[in-house]
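Just passing along the structure, written as structure tokens.
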Amino acid sequence: QKEVEQNSGPLSVPEGAIASLNCTYSDRGSQSFFWYRQYSGKSPELIMSIYSNGDKEDGRFTAQLNKASQYVSLLIRDSQPSDSATYLCAVRVERSQGNLIFGKGTKLSVKP
Amino acid sequence: EAGVAQSPRYKIIEKRQSVAFWCNPISGHATLYWYQQILGQGPKLLIQFQNNGVVDDSQLPKDRFSAERLKGVDSTLKIQPAKLEDSAVYLCASSLDPSGNTIYFGEGSWLTVV
């Protein structure tokens, strides 16, 4: 079982819709979770971090964490074409000296 | 504030040749990371430095990869000899706090091994 799993997509949503990106992880001891956005040919950029169960909202972005289900998600409301990118889920895995383990990423395409 | 600087941005080499990548982190960031990102994959940590000491190099292929951060600022990642499977983007990143909860990535050094 891979440590951090994401559906690679592509996920295609129309402009203005809600995009839902999902991530599961295997290490039950993980405490820190991150979403990075990576535009094609560019480096990853941190957009959200979440440490507690529940929802965390920042503008059009909402991160959701359910540690019991080992599941973290990212919702993007009112999706814009500029949101088209690959979204990487990253988990701090304590047994790996606390380093970040990244998923493969989900490619999101927002159609005008 | 200047970001993480990397060079060269692009490099094409033949297999069995050597290559070196340079990174200058954000000023004041004590923690420096080198990640390898193969096309279609997420970044994979190769090595983490705290100042000039190695915190984690468990995933660094030490028979061919080496990295140093001699004065606790700039860092160099070297590959010798290169293999075809080393074709990837090498991302340098830095963070202010050791927890690494906020990591800033450089633009990356794209390596193609032919």
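Order of the sequence lines sets the chain letters (A, B, ...), proteins ahead of strands, with each chain counted from 1. Computed from heavy atoms alone, side chains included, the values below leave out hydrogens, waters and symmetry copies.
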Inset, instruction - Count the heavy atoms belonging to other residues, nucleotides or ligands that lie under 6.0 Å from NZ of B:Lys11, then report whether that count exceeds 12. - result: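 No, not enclosed.
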Inset, instruction - Flag yes if more than 12 heavy atoms outside B:Lys62 fall under 6.0 Å of its NZ atom; otherwise flag no. - result: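 Enclosed.
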Legend entry - Options A:Gln6, A:Lys42, A:Lys104, ranked by heavy-atom pairs under 4.5 Å with chain B, top entry: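 If we count pairs closer than 4.5 Å to chain B, A:Lys104 comes out on top.
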Inset, instruction - Taking all heavy atoms of A:Leu46 and all of B:Asn101, pick out the closest pair and write down the distance. - result: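 It is CD2-O, 3.8 Å.
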Inset, instruction - Check the hydrophobic clustering (I, L, V, M, F, W, Y; side-chain heavy atoms under 4.5 Å; chains of links allowed) and say if A:Val91 and A:Leu21 are grouped together. - result: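 In one cluster: yes.
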Inset, instruction - Identify which part of B:Ile38 has an atom lying under 4.5 Å from any heavy atom of chain A, answering side chain, backbone, both or neither. - result: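 Neither the backbone nor the side chain of B:Ile38 comes within 4.5 Å of chain A.
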Inset, instruction - Flag the one option from A:Gly105, A:Ser8, A:Pro44 with the top tally of heavy-atom pairs under 4.5 Å to chain B. - result: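 Looking at each of A:Gly105, A:Ser8, A:Pro44 in turn, A:Pro44 comes out on top.
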Legend entry - Which atoms of A:Ser32 approach chain B - backbone, side chain, both or neither, heavy atom under 4.5 Å: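 Side chain of A:Ser32 only, per the 4.5 Å heavy-atom cut-off to chain B.
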Inset, instruction - Can you establish whether the number of heavy atoms outside B:Leu39 located under 6.0 Å from its atom CG is more than 12? - result: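 Not buried by this count: 12 neighbours or fewer within 6.0 Å.
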Legend entry - Spatial distance of atom CD1 (A:Ile101) from atom CD (B:Gln59) [nearest 0.5 Å]: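 Spacing of CD1 (A:Ile101) from CD (B:Gln59) equals 6.0 Å.
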Legend entry - Interface residues of residues 74-88 of chain A facing chain B - heavy atom cut-off under 4.5 Å: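 Counting heavy atoms that sit under 4.5 Å from chain B, the residues of residues 74-88 of chain A involved are A:Leu88.
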Legend entry - Under 4.5 Å from a heavy atom of chain B, the part of A:Gln38 involved: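 Contact with chain B is through the side chain of A:Gln38 alone.
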Inset, instruction - Give the C-alpha distance, both sets of side-chain angles, the deciding distance and a yes or no for side chain to side chain contact (heavy atoms under 4.5 Å, CB included) between B:Ile103 and A:Phe34. - result: CA-CA 10 Å; B:Ile103 295 177; A:Phe34 307 88; over 6 Å; no
Inset, instruction - Measure the spacing between CZ of A:Phe102 and OH of B:Tyr35 and express it to the nearest 0.5 Å. - result: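 Reported value, rounded in 0.5 Å steps: 5.0 Å.
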Inset, instruction - Considering non-hydrogen atoms only, spot the tightest contact between A:Ser43 and B:Glu107 and give its length. - result: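 Heavy-atom minimum between the residues: OG-OE2, 3.8 Å.
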Inset, instruction - Check the hydrophobic clustering (I, L, V, M, F, W, Y; side-chain heavy atoms under 4.5 Å; chains of links allowed) and say if B:Leu70 and B:Phe49 are grouped together. - result: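 No.
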Inset, instruction - Verify the cluster assignment for B:Ile47 and A:Leu100: are they in a single hydrophobic cluster under the rule of side-chain heavy atoms below 4.5 Å apart? - result: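 Not linked; separate clusters.
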Legend entry - Shared hydrophobic cluster, A:Tyr36 / B:Leu32 (ILVMFWY, side-chain heavy atoms < 4.5 Å):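 As far as the 4.5 Å side-chain criterion goes, B:Leu32 and A:Tyr36 are not connected within one cluster.
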Legend entry - ILVMFWY cluster, B:Leu46 and B:Ile13 together (side-chain gap under 4.5 Å):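 Cluster IDs for B:Leu46 and B:Ile13 match.
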